[in-house]
Amino acid sequence: MSRSQLVAEHLPLLRRYARALTGNQASGDAYVGAMLEALLQDQSLLDEQHGPRAGLFRLFTQIWNSVALNDDPDVAPHQAASEKRISNITPLPRQAFLLLSLEGFSEEEVAFVLDADVTEVRTLADTAGREMAAEIATDVLIIEDETFIAMDLESLVKNLGHNVIGVARTHADAVALAKNKKPGLILADIQLADGSSGLDAVNELLRIFEVPVVFITAYPERFLTGERPEPAFLISKPFQPAMVSAVASQALFFQRNSKNKAPKTAAS
């Protein structure tokens, strides 16, 4: 497989990580773009000691920690106060937590990506977990038509300290529940069994009030094409509980006080 094919294979997941790290599609993609430009200029920058994927994440991390794209007004012109707060605090714990929980790297691989040792990685992940647990308790709406997955999600978010206001299995149910109870976080499947769309339901709600949303889908690559607005927070099915915890925590950190902002669209 050529170098370009290797990069293309891992690029969608790197973009997912970048936007989870920044909380913003444009900012995350800007960092990935900067990494690709650096790699085009000097392919020796890619250290494949732990494989090409870990090498790409390591190079991305070097760009993220050295280039202040978040300060570029053309990248994030309307950054919210909560986004500014998270971008200014404890970036290393945030990275360690996401690399372990969202991307599924081993502790050794995370140590390689962050240029740290395993003991430091464990400390960083624990720090991130404590910080997030103190900030994220909220009311959660689950949009999921598969009973057992919905039960798993409900149990998971309760164990994280959240309150589940309801489980919606259709577009109509989701809109009715959310309008009535105004959740602080939505976990949404994209394709529902009755033919309705969790994505459409979320976009309808975001025209009324803003709320952080984590989308869950068996086909994440369909929503990470770079050709249209995309969900900032996306989980692949089947998912690991730690992944849901990591992504939900990031979504809440970035949009903690978003209920009264101007409405927007999640994706189309």
Side-chain angles (χ1 to χ4, degrees), residues 15-16 18-29 75-87 135-145 150 153-154 157 162-192 194-217 219-220 222-237 239 244 246-268:
R15 292 179 64 224
R16 176 182 68 178
R19 64 194 55 192
L21 190 62
T22 62
N24 179 281
Q25 178 182 337
S27 181
D29 284 352
V75 173
H78 303 295
Q79 193 178 42
S82 55
E83 293 171 349
K84 291 178 180 178
R85 183 182 69 224
I86 188 62
S87 67
E135 294 282 342
I136 65 175
T138 191
D139 292 330
V140 180
L141 170 64
I142 297 171
I143 305 174
E144 173 59 65
D145 63 300
L153 288 172
E154 187 170 6
V157 297
H162 302 304
N163 174 51
V164 178
I165 62 172
V167 176
R169 291 173 169 79
T170 67
H171 177 145
D173 288 345
V175 172
L177 269 170
K179 285 183 176 179
N180 185 42
K181 297 188 177 181
K182 293 293 193 304
L185 173 70
I186 296 176
L187 303 181
D189 192 2
I190 291 177
Q191 295 180 327
L192 303 177
D194 70 342
S196 62
S197 167
L199 186 63
D200 289 345
V202 166
N203 281 332
E204 181 174 338
L205 292 170
L206 290 180
R207 287 192 286 269
I208 303 170
F209 66 97
E210 189 168 342
V211 58
V213 182
V214 175
F215 286 101
I216 303 172
T217 176
Y219 308 101
R222 296 181 183 177
F223 299 90
L224 295 174
T225 63
E227 298 174 354
R228 61 183 178 181
E230 301 167 350
F233 303 100
L234 193 65
I235 294 175
S236 305
K237 286 183 177 180
F239 55 80
V244 177
V247 178
S249 298
Q250 288 296 307
L252 285 165
F253 258 122
F254 281 110
Q255 301 187 44
R256 177 65 179 171
N257 300 312
S258 63
K259 289 186 178 181
N260 298 318
K261 294 180 189 174
K264 68 176 184 179
T265 300
S268 57

### Query
At their closest point, which heavy atom of Phe233 faces which heavy atom of Arg19, and how far apart are they?
CE2-O, 4.4 Å
### Message
Measuring from atom CD1 of Ile208 to atom CG of Asn203, what distance do you get when rounded to the nearest 0.5 angstrom?
### Response
11.5 Å
### Contact check, side chains of Thr217 and Leu199, non-hydrogen atoms, under 4.5 Å
no
### Message
With heavy-atom distances below 4.5 Å as the criterion, would you say the side chains of Phe239 and Val247 are in contact?
### Response
no
### Query
Just wondering, do Glu154 and Val167 contact through their side chains at under 4.5 Å, heavy atoms?
yes
### Query
Does a side-chain heavy-atom distance below 4.5 Å link Val214 with Val244?
no
### Query
How far does NZ of Lys237 sit from CD of Gln191, to the nearest 0.5 angstrom?
9.0 Å
## Note on the structure
The reported gap from OG in Ser197 to CG in Asp189 (rounded to nearest 0.5 angstrom) is 9.0 Å
### Query
Rounded to the nearest 0.5 Å, what separation is found between the CD1 atom of Ile143 and the CZ atom of Phe215?
8.0 Å
## Note on the structure
Smallest heavy-atom separation, Glu204 atom then His171 atom, equals OE1-NE2, 2.8 Å
### Query
Given the rule in the side chain to side chain contact (heavy atoms under 4.5 Å, CB included) test, do Leu205 and Val211 qualify, once you have shown the distances and angles that lead to the verdict?
CA-CA 9 Å; Leu205 292 170; Val211 58; 5.7 Å; no
### Query
Residues two or more places apart in sequence or in another chain: which of them pass side-chain hydrogen bond (donor to acceptor under 3.5 Å, both in side chains) with Asp145?
none
### Task
Could you tell me the separation between the CG atom of Leu153 and the NE2 atom of His162, rounded to the nearest 0.5 Å?
11.5 Å
### Query
Is the backbone of Ala18 close enough, under 3.5 Å, to the side chain of Thr22 for a donor and an acceptor to pair up by distance?
yes
### Task
Starting at CD1 of Ile142, measure out to CG of Leu185 and round the result to the nearest 0.5 Å.
9.0 Å
### Query
Below 4.5 Å, heavy atoms only, C-beta onward: do Leu177 and Ile165 meet side chain to side chain?
no
### Task
Please name the pair of heavy atoms, one in Gly166 and one in Leu141, separated by the smallest distance, quoted to 0.1 Å.
O-CD1, 3.5 Å
